[in-house]
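Right, one structure below, let's go through it.
The first residue in the sequence is number 1, and the count goes up from there. Counting starts at 1 for both ligands and their atoms, following the listed order.
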Amino acid sequence: MNVPKIPLGDWVDVLVQWITVAFAGFFTLITTMIESLLNIIVDVLSAGPPIILIIILTLLVTYTSRWPLGIFTLFSLLLIDNLGYWDSSIQTIAIVLLSGLLTIIIGIPVGIWCAQRKTVHRIVTPILDFMQTMPAFVYLIPSILFFGIGMVPGIIASFIFAIAPTIRMTNLGIKEVPKDLIEAADAFGSSTSQKLFKVQLPIATPTIMAGVNQSIMLALSMVVTASLVGAPGLGADVYRAVSQIDVGKGFEAGLSIVFIAVILDRISQNLRKPAYENVIKKKIVFSILVVLVILAAIVTGVTKETATKKGGNGIGAQTDYQIIGIEPGAGIMAQADRALKDYQLDNWQLQEGSSAAMTAELKKAYNQKKPIIVTGWAPHWMFSTYELKFLKDPKKSFGAVEDIHTIVRKGLKQDAPGAYTILDQFSWKPGDMEKVMVDIKDGRDPAEAAKKWINANGDKVGNWTKGAKAGNGETINLVYVAWDTEIASTNVIAKVLEQNGFNVKLSQVEVGPMFAGVANGSVDGMVAAWLPSTHREYYKQYKNDFIDLGTNLHGTKNGLVVPKYMDINSIEDLK
Ligand code: PBE
């Protein structure tokens with residue numbers, strides 16, 4: 001059939017673009033509100049030394065769910081602290097509590113409304129179905145554009161993902177209230193709100209609480225996903241472990257998530273009917289909790305006043321002392337960390353996220369002429385799209401001009417000599433790569449952009465394929481990381497291999513797995529090793545297990561990048 005593709009994606013793009021601009025003020029307001037709320041929760045939770053919160057949580061779990069679970073809580077929290085995941089855990093708990101709170105504030109009223117009006121129910125149900133089945137990753141994209149990177153888009157995405165059970169269960173709970181009770185209430189002439197608050201809600205509470213409990217668990221399950229857009233906490237620890245293939249750290253952080261899940265689950269499940277209610281009244285326990293929270297808030301308020309402020313109106317204050325980074329495993333992140341130390345930028349924070357989130361942030365700030373500092377590298381389309389500059393790096397924390405190497409698995413030469421030769425002869429210039437990158441950034445499909453460049457550069461491609469034995473449909477597996485540079489190079493070399501008789505499969509992975517995959521022979525090769533500095537650690541770890549075919553591009557550069565309208569020139573100016 002010859003029906004043209006419906007540009008659904010383009011329409012959504014335009015819509016989101018429009019919303020981003022039209023509601024910019026509104027989004028800033030929400031961002032500030034959520035950020036301050038979250039800061040308050042984090043401050044309250046970390047008011048005293050960890051042991052205080054550990055004891056309080058232990059007592060609370062004991063009270064709601066009996067002493068064996070109390071003991072479990074005590075030991076698991078002590079273990080988390082001992083392993084060094086306490087701060088991350090606090091951040092994770094704060095994120096979950098806040099998204100939980102939002103689901104309650106919004107979810108319960110909507111659920112009630114659904115129960116009271118058939119039409120509302122009919123409209124809301126399919127929306128909920130949609131929200132729950134749309135992969136949660138997808139929400140992260142507009143979230144970044146609306147709310148920037150950091151915890152706010154994470155909270156919003158968790159909220160959307162988690163709210164459904166609260167709405168559904170509230171609706172269900174109220175509908176299941178026995179008819180005769182309602183009739184009795186009606187017979188006594190109660191108003192709708194009397195009926196709701198005195199009869200329906202009390203009876204529906206267990207069901208509603210079951211919904212809230214599920215929502216909290218769903219919010220917790222979002223923490224790893226949310227770390228892709230820079231939400232801090234245990235999720236970020238897990239993500240970091242994955243991208244550096246650090247099994248030990250991954251296990252520790254994962255285990256901490258499990259502990260916190262159990263604790264939050266038991267508290268929220270049994271809060272309504274605590275195990276030891278007959279020993280101490282619920283009211284007393286809640287009052288003590290409220291007093292503690294207020295006390296903690298006062299304590300942190302006071303210490304904050306006296307603490308030395310980061311403040312000032314220099315570049316730090318304008319950018320909130322944040323440097324927008326990319327994937328935690330990227331070499332440039334380790335270099336940026338080193339820069340923070342080399343230049344003694346103790347106040348500054350390197351925000352983890354992804355390359356896509358970084359360029360989205362850059363675009364947003366640039367369009368509003370706001371100050372922003374990102375980890376950037378050349379060649380990159382951002383330099384031809386925006387007016388940007390590298391900050392000078394006199395201490396060479398980011399290394400010097402580098403090369404990109406092609407690396408293949410052992411044995412490829414024997415198994416697919418033609419592909420080996422092509423990969424070995426593959427070599428081009430930063431300008432070439434940038435052309436492909438700009439094309440992709442302008443919306444061309446990567447494979448198409450690669451084909452276009454190949455067609456226009458037959459001479460260069462001819463040199464790569466010279467003397468290579470054509471393939472016989474052998475499969476060649478290439479890996480790459482979703483950096484703009486590597487999306488371009490990998491697609492070009494893949495097309496060339498395809499045109500020479502190979503069946504190329506591309507897999508997008510994190511940087512650690514990319515090196516590990518080639519080293520253990522589960523994939524055939526990659527064209528993305530930045531050397532000698534950027535990927536030094538990965539290279540050192542695996543260099544005996546793969547074959548380095550040498551440089552495919554010379555002249556890359558890493559560093560901190562800012563728009564030209566900012567009037568700083570060197571990393572030293574950040575002090
Ligand atoms: N980069 C692009 C990568 C290598 C390619 C600079 C973001 C890194 O830092 O690991």
Out of the candidates Val374, Ile324, Leu145, only one should pair with Glu361 under the side-chain contact (heavy atoms from CB on, under 4.5 Å) rule; please name it.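 When side-chain contact (heavy atoms from CB on, under 4.5 Å) is applied between Glu361 and each of Val374, Ile324, Leu145, only Ile324 qualifies.
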Does the pair Asp237/Lys249 count as a salt bridge with the N-to-O cut at 4.0 Å?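 Result for this pair is no, no salt bridge flagged.
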Pairs in or reaching into residues 362-372: which pass side-chain hydrogen bond (donor to acceptor under 3.5 Å, both in side chains), with residues at least two apart or in two chains?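 Sorted result for residues 362-372: Gln368-Lys370.
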On the 0 to 90° scale, with breaks at 30° and 60°, tag the Phe426-Trp428 ring pair as parallel, tilted or perpendicular. tilted
Mind running side-chain hydrogen bond (donor to acceptor under 3.5 Å, both in side chains) on Gln425 and Thr465 for me, showing each step along the way? CA-CA 7 Å; Gln425 296 179 153; Thr465 53; over 6 Å; no
Can you pull every nitrogen or oxygen pair between ligand 1 and the protein closer than 3.5 angstrom?
residue: ligand 1; atom: 9 (O); partner: Gly331; partner atom: N; Å: 3.3
residue: ligand 1; atom: 9 (O); partner: Ile332; partner atom: N; Å: 2.7
residue: ligand 1; atom: 10 (O); partner: Gly331; partner atom: N; Å: 2.7
residue: ligand 1; atom: 10 (O); partner: His535; partner atom: NE2; Å: 2.7

Ring center gap for Tyr565 and Tyr386 short of 6.0 angstrom: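 Ring-ring flag for Tyr565/Tyr386: false, centres at least 6.0 Å apart.
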